[in-house]
Peer 1: 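Let me begin by handing over the structure; questions about it come next.
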Amino acid sequence: MISSKLPKMFYGGDYNPEQYDHATHVEDLRMFKLAGIDMATINVFAWALNQPDEDTYNFERLDQLIDSLYDSGVYICLGTSTAAHPAWMATKYPDVLRVDTNGQKRKFGGRHNSCPNSPTYRKYSERMALKLAERYKDHPAILVWHVSNEYGGDCYCDNCAAGFRVWLKEQYGTMDNLNRAWNTNFWGHTFYDWEEIVPASNLSEHWGNNSSTFQGISLDYARFNSDGMLDCYRLEYDAIKSVIPESLITTNMMGFYKPLDYFKWAKYMDIISWDSYPGLDTPISFTAMAHDLMRGLKGGQPFMLMEQTPSQQNWQAYNSLKRPGVMRLWSYQAIAHGADTVLFFQMRRSAGACEKYHGAVIEHVGHENTRVFREVAELGRELQLLGDTTLDTVTESKVGILFDWDNWWAAEKSSGPTIALNYVDQVHKYYAALFRRNISTDIISIDSDFSKYDIVIAPVLYMVKTGVAKKLEDFVQAGGTFLTTFFSGIVNETDMVTLGGYPGELRKMLGIWVEEVDALYPDKYNKIVMKNTLGDLQGEYNCGLLCDLLHSEGAEVLAEYGEDFYQGMPVLTRNKFGKGEAWYVASDPDDKFIDGLLKSICDAKGIEPLLETPTGVEVSRRSKDGQDFLFIMNHNATEQAVELGQLQVRDLLTETDLTGSVQIAGQGVQILKMK
Ligand code: GLA
Ligand code: ZN
């Protein structure tokens, strides 16, 4: 139970008082009280202050900061400060500097800038974590350990190249295995010695937009890079645990962040935390899906909302302000999808460098009489009111959507059939259709227990890893409904095509054979023509992007292509398999089609919306100990009516009882405790 370590909904965020004088810090503490702020994430970028040279460590400043926050009622999420190496380290030990994909050695600058395979970085980051753990192991202020910050990027230096060879040896054992796995007889790539292998970069196999001439090599380099960063994280994690076994350790993630396989990372994290920075134009369903992914990383365990801006970013092209009420709304959206903390970046705006125009709880004016501060303080008051009510609640979903990083990398490193395939967009399309109907959905990994679900959806399951087809077959045999889409079942985990006809290992269960795959130009469409009505689906729909040309091998054909030379070939099929059914959508349909299709599949399984609401009104359910809470969130600017029907509920934020038809204000939120 996370709540034993985080016994309330902590509120606050990244705090960097080292950029200001002491008087300002005292002012900050006064204002934190006004806003109900009780957690500060500190020491994230203070490595150079903590360690002014190779042999000197200086923690007095940090001691004082931790004490003064604690004395003022603020608990600590303690950064290990290793997210940006000190300048002296880069000067003295250039191996900490990364080499980019074009082979250019970086100079000191920026952050998140250390080579993950640098012996110097590994040694000193681990040592820093150990020193911090030893120093603060008994400090009651520290609730969470925050290792480094937003691990990411990549490196192609000689240390990474050497590390890659070691990684490959572990993976493949022999040169022969590796040559086979990568199909190196193509373009005369046969390797005779491990030393001949170099990182997949713009100097070797990559061109433009990260496309690759040798997917197998590139894929392994992506895995190696993710694993290398994970090793860095684990060095610090183990160092802290060696001193404080009961510590709660995390590192902040970034949602759908492509370079790191977060499902793999999650195994080494005590709690997931993430930084949510939607733009004003990000679909709300996309933000919801990112929260659900973060909740899914540890099989449904609540997570920390580690960062969000109270008002605006600085790094987007157009840094719009969150409109009044939106910060509150999006904070509750995070809670509704599994967050057990609400934290901001940043508590006070910097006066210099690139984040001075990033929103903060305390603006440059320096006092509390600002719109942003008032909104933050009001939310602080509400969170106090909620107390521990929503902590440790879980989401119960009957629909799971598969997401897989290897599949993401492989599908998009593919040379052909189209440059327009975006795996996350495809996943989002199916998620969004469920979201629009308030059907609770989990984002799950291939390691998840599918038997918890009635429906498993795997958009573009291009790569079918060892054991996955069998696992899906077992799920369907036992009565589950499985749905996948075009360009699926094509390759194994080293990106070698499964020969004998697409969709390879999924072919039997789907009861189809895909003979060819057509790529459509961006403004071109084909038609999905329904053979009969299927729930709400009838008539014709547009489809595009990719069109699989397929034959039924026993599957029932529910719709056919309406145009082109493959007019009349199946585009939507359903195959009875064991007690369940396996669906195939052979192209990329318009949203209306996906809405209708998923409605019909959910109806068949008796999966109902949590509530029927007007467009833009989201409903999410969290439960604990048999008690359900409904979060109703109006993402529209205008007031909306929501029909509760027979439900008897208590609105926890206004402390009133509600039933029947209720009004919800524009950007409004209701947290309804079911009676
Ligand atoms: C990230 C980082 C923070 C800060 C914010 C700004 O999430 O973790 O240090 O730079 O972005 O949005
Ligand atoms: Zn490197």
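FYI, side chains are in, hydrogens and waters are out, and symmetry mates aren't considered; it's all heavy atoms of this structure. Atoms within each ligand, like the ligands themselves, are counted from 1 in listed order.
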Peer 1: For the residue pair Ser273 and Asn252, confirm or rule out a side-chain donor-acceptor distance under 3.5 Å.
Peer 2: no

Peer 1: What part of Gln316, side chain, backbone, both or neither, has a heavy atom within less than 4.0 angstrom of ligand 1?
Peer 2: neither

Peer 1: Any idea which atoms of ligand 1 are less than 4.0 Å away from a heavy-atom of Phe45?
Peer 2: 9 (O)

Peer 1: Do me a favour and list the nearest non-hydrogen protein atom to atom 10 (O) of ligand 1 with residue, atom name and distance?
Peer 2: Glu355 OE2, 2.2 Å

Peer 1: I would like to know whether Phe403 and Phe263 meet ring pair (Phe, Tyr, Trp, His ring centres under 6.0 Å); could you show each step before the answer?
Peer 2: CA-CA 9 Å; Phe403 188 78; Phe263 277 118; 7.1 Å; no

Peer 1: Among Arg223, Lys413, Lys264, Lys258, exactly one meets salt bridge (Lys or Arg N to Asp or Glu O under 4.0 Å) together with Asp406. Which residue is that?
Peer 2: Arg223

Peer 1: Nearest 10° is fine: what angle sits at the Zn ion (ligand 2) between SG from Cys157 and SG from Cys115?
Peer 2: 100°

Peer 1: Which atoms of ligand 1 have any heavy atom of Asp275 under 4.0 Å away?
Peer 2: 7 (O), 8 (O)

Peer 1: Give a yes-or-no answer on whether the side chains of Asp220 and Trp167 include a donor-acceptor pair shorter than 3.5 Å.
Peer 2: no

Peer 1: With rounding to 10 degrees, what does the angle Cys160:SG / the Zn ion (ligand 2) / Cys155:SG come to?
Peer 2: 110°

Peer 1: Cut-off 3.5 Å, side chains only: do His25 and Tyr15 have a donor facing an acceptor?
Peer 2: yes

Peer 1: What residue and atom, counting heavy atoms only, is the protein's closest point to atom 9 (O) of ligand 1, and at what distance?
Peer 2: Arg111 NH1, 2.9 Å

Peer 1: Regarding ligand 1, does His358 bring an N or O atom to under 3.5 Å of one of the ligand's N or O atoms?
Peer 2: yes

Peer 1: Below 6.0 angstrom between ring centroids: does that apply to Phe344 and Tyr11?
Peer 2: yes

Peer 1: Could you tell me which atoms of ligand 1, counted from 1 in the order shown, lie closer than 4.0 angstrom to a heavy atom of Glu150?
Peer 2: 1 (C), 2 (C), 7 (O), 8 (O)

Peer 1: I want to know if ligand 1 touches Glu307 in the polar sense, i.e. an N/O pair below 3.5 angstrom.
Peer 2: yes

Peer 1: Please check if any side-chain donor atom of Thr395 sits under 3.5 Å from a side-chain acceptor atom of Arg622, or the reverse.
Peer 2: yes

Peer 1: If you measure from each heavy atom of Gln346 to ligand 1, is any distance below 4.0 Å?
Peer 2: no

Peer 1: If we only count N/O pairs under 3.5 Å, is Asn149 in contact with ligand 1?
Peer 2: yes

Peer 1: What I want to find out is whether Lys241 reaches Asp238 closely enough, with some N-O distance under 4.0 Å, to be called a salt bridge.
Peer 2: no

